[in-house]
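As the structure is a computational prediction, the values presented were derived from the model and not from experiment.
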Amino acid sequence: MRLKSVLNALLLTFGLAAVSYAGVYDYNPSQASNGNYARQGQYSYIHNAFYFEASLGLQYLNISDEKKDEEEVFDESSRNIYETDFSGMGPEFSARFGGIISSRVALFCLLGISSMKTADYEYVERQKGKIRYVEKNSEGGIRFAIGGGVNVYFVRDPSNPLYGLYAGASFAIAYFNLGDDDSYFDEERRTKPLDEAYFSQSAASVGFEFGKLWYMTDMWNVGAGVQMAFDSPDRTDEKDENIYYTLAFKIMIVRK
């Protein structure tokens with residue numbers, strides 16, 4: 001919870017700084033060499049209007065989940081530990097829409113979905129530090145996210161070679177549906193490695209990204225970016241250890 005609060009505070013600070021940056025800092029861009037841009041006038045690309053981004057990418061998802069027995073045990077090393085690792089790669093699609101301030105700061109809502117046809121899955125049970133059960137398989141799954149965020153574009157003059165460089169941050173609610181909930185239920189051990197307590201669930205997600213756009217027309221750009229998101233499952237217990245993250249490379253078309 002402490003980490004989540006810090007990340008939320010950083011995200012809010014980033015957004016306030018971005019809005020301040022848009023209103024305070026300005027400059028007189030040089031005349032672009034592009035013929036169409038030159039005929040339109042050097043300020044025609046500075047917009048306060050609708051923002052839209054559609055992207056298609058490749059995403060890597062990793063989940064490392066460790067759960068300990070709920071029963072009180074005097075010796076911590078005597079607890080039973082259940083470890084689940086799920087990692088794989090698949091396509092991702094996302095759409096963002098909102099508003100742009102002075103062609104510098106985009107505030108947006110986001111929708112994103114990624115899928116994996118097959119991913120590496122491993123489940124391990126440890127008792128008093130020794131492995132008592134191991135299972136490996138390939139599974140599929142999806143990840144859906146909805147939220148909002150902000151992008152800051154550092155250079156808005158299309159004639160500048162650094163045009164389109166940006167950094168962004170976002171906050172979302174992610175939903176996972178990974179594996180088959182009924183595949184590995186064992187009556188004797190009373191375990192479900194892929195049950196609802198683990199992977200059919202929601203999580204708070206904080207993402208950070210950077211990339212670059214290339215000028216196409218007065219409003220439309222194409223670009224590429226890298227995004228990393230950290231997820232915190234809502235079922236997290238103090239004695240559990242969870243590492244959920246995604247890393248994605250994407251190409252996009254942007255109206256700003």
Side-chain angles (χ1 to χ4, degrees), residues 11 14-59 91-115 143-174 205-229 246-256:
L11 184 60
F14 187 94
L16 294 174
V19 173
S20 299
Y21 170 76
V24 174
Y25 295 99
D26 202 355
Y27 65 93
N28 185 11
S30 60
Q31 188 71 23
S33 57
N34 180 281
N36 292 332
Y37 166 69
R39 287 192 296 272
Q40 293 170 356
Q42 64 184 135
Y43 293 103
S44 63
Y45 60 87
I46 300 178
H47 305 132
N48 292 285
F50 179 69
Y51 176 86
F52 173 77
E53 174 188 318
S55 65
L56 182 64
L58 188 63
Q59 182 182 85
E92 179 203 30
F93 172 78
S94 65
R96 301 177 176 188
F97 48 92
I100 186 79
I101 304 172
S102 297
S103 291
R104 288 188 185 275
V105 177
L107 303 173
F108 55 80
C109 299
L110 69 87
L111 296 171
I113 186 169
S114 59
S115 66
R143 178 183 183 271
F144 177 77
I146 181 170
V150 57
N151 281 353
V152 177
Y153 296 90
F154 301 109
V155 177
R156 61 184 182 181
D157 178 3
S159 66
N160 191 314
L162 299 180
Y163 169 80
L165 285 177
Y166 76 92
S170 61
F171 176 81
I173 300 300
S205 177
V206 177
F208 302 93
E209 71 175 274
F210 65 91
K212 188 181 189 308
L213 302 183
W214 288 270
Y215 178 88
M216 298 297 290
T217 69
D218 181 37
M219 290 186 177
W220 291 98
N221 305 261
V222 296
V226 176
Q227 181 179 20
M228 190 165 193
T246 61
L247 179 63
F249 172 79
K250 63 181 184 179
I251 56 175
M252 53 198 163
I253 182 169
V254 178
R255 182 194 189 277
K256 78 175 189 72

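Here the shortest heavy-atom pairing between K256 and S103 reads NZ-O, 3.3 Å. Considering every non-hydrogen atom in both L110 and A172, the closest pair reads CD1-CB, 4.4 Å. Heavy-atom minimum distance, A224 versus W214: N-CZ3, 3.8 Å. Annotation for L162 and V155: closest pair O-CB, 3.7 Å, computed over non-hydrogen atoms.
Side-chain contact check for V152 versus R104: every heavy-atom pair is 4.5 Å or farther apart. Within the 4.5 Å cutoff, the side chain of P91 has heavy atoms near those of the S115 side chain. Residues N221 and Y163 are in side-chain contact: their nearest non-hydrogen atoms beyond the backbone lie under 4.5 Å apart. Between F144 and L111 there is a side-chain heavy-atom pair separated by less than 4.5 Å. In this structure the side chain of V206 never reaches within 4.5 angstrom of the side chain of S170, judged on heavy atoms. Counting heavy atoms from C-beta outward, I100 and N48 have side chains that stay 4.5 Å or more apart.
Side chain of N151 to backbone of A106: no donor-acceptor contact under 3.5 angstrom is found. The closest donor-acceptor contact from the side chain of K250 to the backbone of G225 lies at 3.5 Å or more, if one exists at all.
Annotation: cation-pi geometry not satisfied between K212 and Y166 (NZ/CZ under 6.0 angstrom from ring centroid, within 45° of ring axis).
For the atom pair R255 CZ and M219 CE, the distance stands at 4.5 Å (nearest 0.5 Å). Within the model, atoms CD1 of I251 and CG of L58 stand 11.0 Å from one another, a figure rounded to the nearest 0.5 Å. Annotation: the span from I113 atom CD1 to I146 atom CD1 amounts to 12.0 Å, rounded to 0.5 Å.
There is a side-chain donor-acceptor pair under 3.5 Å between S205 and R143.
Counting non-hydrogen atoms of other residues, nucleotides and ligands closer than 6.0 Å to CZ of F50 gives a total above 12. A 6.0 Å sphere centred on CE of M216 holds no more than 12 heavy atoms belonging to other residues, nucleotides or ligands.
Residues passing the side chain to side chain donor-acceptor pair (under 3.5 Å) test with S55 are S94, sequence neighbours excluded. Residues satisfying the ring-ring contact (aromatic ring centres under 6.0 Å, His included) criterion with Y51, sequence neighbours excluded, are absent altogether. In this structure, the side chain to side chain donor-acceptor pair (under 3.5 Å) partners of R96, at least two apart in sequence or on a different chain, are E209.
Between F52 and W220, the two ring planes are perpendicular [angle over 60°; tilted spans 30° to 60°].
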